[in-house]
A.B. asks: 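Quick one: structure below, then a few questions.
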Number of protein chains: 2
Amino acid sequence: MNVISFLQQTINLGPEIEADLTHIIVREQFPKNHILIRPGQYYRRLMFVEEGLIREHYLSMAGKDTTYRFHTEGSFVTADESFTDNQPSQYTFETLEDSVICSISHADFENILRQHPELEQLHILVMHQLIREMKERITALQFQTATERYESLLKSQPSIFQRVSLGHIASFLGISQETLSRIRSKR
Amino acid sequence: MNVISFLQQTINLGPEIEADLTHIIVREQFPKNHILIRPGQYYRRLMFVEEGLIREHYLSMAGKDTTYRFHTEGSFVTADESFTDNQPSQYTFETLEDSVICSISHADFENILRQHPELEQLHILVMHQLIREMKERITALQFQTATERYESLLKSQPSIFQRVSLGHIASFLGISQETLSRIRSKR
DNA sequence: CAGAGTCTTTGACAAAAGTCAAAAAGCAAT
DNA sequence: ATTGCTTTTTGACTTTTGTCAAAGACTCTG
C-alpha cells in the first residue's frame, strides 16, 4: 500500500495535490536490521512505512533496551522530538525486516499544508488516531496485568508474534523476557 | 489565568479574534467534587481549567477506579471520545477543588478555526504538547519502577501531593495505595 | 467537642514479576 | 551434518507489588 492510495482512502486528493505529493516524496528501500535514526540525531522527515516493520526503542541509562513501539505497513512515523521540536531524537529507529519507506522533509510538509489547507484535516486525523492509541496504551500499562496486556496484543496484532522476537515484544509490554516466556507457556 | 491571556502568551491574537472568542466562551464555576462528565455521556465541549483541578478517571469492569490523569489550571481538557469522535465518553471528569472552567462547543471551535486559520497553529501546538507528555508517560510506565515514577511526579508536580488524596495519586502512578504509602515512608 | 466518615498507615501474607545462570531450541553458513 | 550464534525456555531464588484487615489520623458537621 503506497502513501497516496492510503491517503485517498480518507479524503479525495485532487490531481494537483497528488502531483505535488509525488514530487516531494522520496521512496527508499532498507535492508533488515538497518538503523534509520540514532539517538542524538536530527531527523526532520515524516516517514510512511510502505512495507516492512520499524522498531522504535529507547536505551535507559542502565543500558537496557526498551521497545517503545512497532510501526508496521501503513503507519506514519516521525522522530517526534526532531520533527516537531527540532531537537535531537531520543529514540532509535531500526528496521526489523526489509522495508520500503516513503518520506518527506519537514519543510516540504509545511509547504504542502500551506498550499493545500485541505490536508490539514488529514494531519489532524492522524494525530487524533495517535492520541487515541496512546491513551489506551497508558491505561493498559496502568491497571492491566502483564497477562492481560499480552492477550490484548495477541488479539490486536497477532502477526507481530510471527515477525518480532519475544525479547522486543516483552519490553514493549513492559515486562522481562522470561516473564513473557512463562505467560506463553501457561496456555 | 484566563484562556485568552493564556493564548496570548503563545501567539498574538488580533483584537477581532479576541472579540470572537470572548463571545463564544462560557465561563462556569463548579464546587469541589462535582462530576462534570460521566461515562456514557456525550460532551462535545473543549474545556480550559482557569482555576481548580479536574481528575479524569476510569472504572474498570472490576469496579476499580483508576485515575487517568489530573488537569490543573492552565490546561485544555476534552472528553476525547466525545469531542473528537462524537462517541460517549469512557471516562469520568470530576472537580477535586472548587473550579472555574471556560469552555466552547465543538461547533464553535470548528467555526472559529475556519474563520481564523492562524489558530490552527495553536491547536496543533497543544496536540504536540499532549503527545509529548503521553510518550513520556508511556515510557515511564513501561520501564520505571513505582519508586522512580513517584519521584518523577514529586519533582514535576510537587503541588499535586498537597491537593489530591494519595489513593488517587497511587492509581495515577499505576500502583496500589498501600504501595505508595510504603514508598513514602521510606525517606 | 463528639462522632461519623474518609483517608492513610501498618502488618501479615500471597501473588506477580525480576534476576541470574544454564540448558534447550532454532537458525544460518560452512 | 557440524559449528557458532542468537533466541527462547526453564529453574531457583529475590524483590517488588498487591490484597486483606485492622488500627490510626484527619476532617467535617451537628
Side-chain angles (χ1 to χ4, degrees), chain A residues 31-35 53 55 57-67 70 94-98 139-154 158-187, chain B residues 31-35 53 55 57-67 70 94-98 139-154 158-187:
Chain A
K32 188 174 170 163
N33 296 324
H34 179 77
I35 295 194
L53 177 51
R55 181 172 81 105
H57 67 99
Y58 182 89
L59 282 181
S60 71
M61 305 111 292
K64 216 164 72 173
D65 164 328
T66 306
T67 300
F70 303 106
E94 63 175 352
T95 58
L96 293 186
E97 300 175 353
D98 295 349
T139 51
L141 287 165
Q142 250 180 308
F143 69 76
Q144 290 186 185
T145 64
T147 307
E148 289 170 327
R149 296 201 296 277
Y150 167 72
E151 301 201 321
S152 303
L153 184 61
L154 202 57
S159 63
I160 275 288
F161 292 90
Q162 266 68 63
R163 301 173 71 178
V164 173
S165 79
L166 293 175
H168 292 153
I169 291 175
S171 71
F172 171 75
L173 293 171
I175 58 181
S176 72
Q177 172 161 211
E178 295 90 328
T179 299
L180 177 55
S181 174
R182 290 188 177 108
I183 287 171
R184 283 162 64 79
S185 72
K186 277 191 213 115
R187 359 178 40 240
Chain B
K32 187 174 171 162
N33 296 325
H34 177 77
I35 295 195
L53 177 52
R55 181 173 81 104
H57 67 100
Y58 181 89
L59 281 181
S60 70
M61 307 111 292
K64 215 164 72 175
D65 164 329
T66 306
T67 300
F70 304 106
E94 61 175 355
T95 59
L96 294 185
E97 299 175 354
D98 294 349
T139 51
L141 288 165
Q142 250 181 308
F143 69 76
Q144 290 185 187
T145 64
T147 308
E148 289 170 326
R149 294 201 298 277
Y150 167 72
E151 302 202 318
S152 303
L153 184 62
L154 202 57
S159 63
I160 275 287
F161 291 90
Q162 267 67 63
R163 300 172 72 180
V164 174
S165 78
L166 294 175
H168 291 153
I169 292 176
S171 71
F172 171 76
L173 293 171
I175 58 182
S176 72
Q177 172 160 214
E178 294 91 332
T179 299
L180 177 55
S181 174
R182 291 187 177 109
I183 288 171
R184 283 162 63 79
S185 71
K186 277 193 212 110
R187 2 179 36 237

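The basis for the numbers below is simple: all heavy atoms, side chains too, and nothing from hydrogens, waters or symmetry mates. In what follows, chains carry the letters A, B, and so on, assigned in the order in which the sequence lines appear, proteins first and then strands, with residues in each chain numbered from 1.
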A.B. asks: C/dT8, D/dT10, D/dG18: which one has an atom nearest the side-chain heavy atoms of B/Arg182?
C.D. replies: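 For the B/Arg182 side chain, the nearest candidate turns out to be D/dG18.
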
A.B. asks: Between B/Ser165 and A/Leu180, which is nearer to the 5' end of DNA chain C once each is assigned its nearest nucleotide?
C.D. replies: B/Ser165

A.B. asks: D/dT16 C1' sits how many Å from B/Arg149 CZ, rounded?
C.D. replies: 11 Å

A.B. asks: Compare side-chain N and O positions of A/Thr179 against OP1 and OP2 of C/dA17 and report whether any pair is under 4.0 Å apart.
C.D. replies: no

A.B. asks: I want to check something: taking the side chain as every heavy atom from C-beta on, are B/Lys186 and B/Thr147 in contact at a cut-off of under 4.5 Å?
C.D. replies: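 When only atoms from C-beta onward are counted, B/Thr147 and B/Lys186 do not touch, as no gap falls below 4.5 Å.
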
A.B. asks: It should be established whether B/Ser176 places a side-chain nitrogen or oxygen under 4.0 Å from OP1 or OP2 of nucleotide D/dT17.
C.D. replies: no

A.B. asks: Can you measure A/Leu173 atom CG to C/dA17 atom P for me and round it to whole angstrom units?
C.D. replies: 11 Å

A.B. asks: Can you measure from OG1 (A/Thr67) to CZ (B/Phe143) and round to the nearest 0.5 angstrom?
C.D. replies: 11.0 Å

A.B. asks: Rounded to the nearest angstrom, tell me the gap between atom NZ in B/Lys32 and atom P in D/dT27.
C.D. replies: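 After rounding, the gap between these two atoms is 10 Å.
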
A.B. asks: Starting the side chain at C-beta, find the nucleotide from C/dA17, D/dA12, D/dG18 nearest to A/Thr147.
C.D. replies: C/dA17

A.B. asks: Provide, to the nearest angstrom, the distance between the CD atom belonging to A/Gln162 and the P atom belonging to C/dC27.
C.D. replies: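 These atoms are roughly 12 Å apart.
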
A.B. asks: Between A/His168 and A/Phe70, which heavy-atom pair has the shortest distance, and what is it?
C.D. replies: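 Heavy atoms only, the tightest pair is O-CZ, 3.9 Å.
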
A.B. asks: Using OP1 and OP2 only, check whether a side-chain N or O of A/Gln177 sits under 4.0 Å from D/dT7.
C.D. replies: no

A.B. asks: Quick one: pull up CZ in A/Arg55 and CG in A/Leu96 and give me the separation to the nearest 0.5 Å.
C.D. replies: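 These two atoms lie 6.5 Å from each other.
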
A.B. asks: Look at the side chain of B/Arg184 and decide which nucleotide, out of D/dA12, C/dT9, C/dA17, has an atom nearest to it.
C.D. replies: C/dT9

A.B. asks: Please determine, for the side chain of A/Ser181, which listed nucleotide (D/dT10, C/dT10, C/dG18) has the closest atom?
C.D. replies: D/dT10

A.B. asks: Can you check the B/Lys186 NZ to D/dT15 P distance for me, whole Å?
C.D. replies: 12 Å

A.B. asks: Can you check the B/Glu148 CD to D/dT16 C1' distance for me, whole Å?
C.D. replies: 12 Å

A.B. asks: Between the side-chain atoms of B/Glu178 and the base atoms of D/dC20, is any donor-acceptor pair under 3.5 Å?
C.D. replies: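 By the distance-only test, yes, there is a pair.
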
A.B. asks: Just verifying a value: how many Å separate B/Leu154 CG and B/Ser159 OG, rounded to the nearest 0.5 Å?
C.D. replies: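 These two atoms lie 10.5 Å from each other.
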
A.B. asks: Could you tell me the separation between the OH atom of A/Tyr150 and the P atom of C/dA17, rounded to a whole number of Å?
C.D. replies: 14 Å

A.B. asks: For the pair made of CD1 in B/Ile175 and C1' in D/dT19, what is the distance, rounded to whole Å?
C.D. replies: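 So the CD1-C1' distance, B/Ile175 to D/dT19, works out to 15 Å.
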
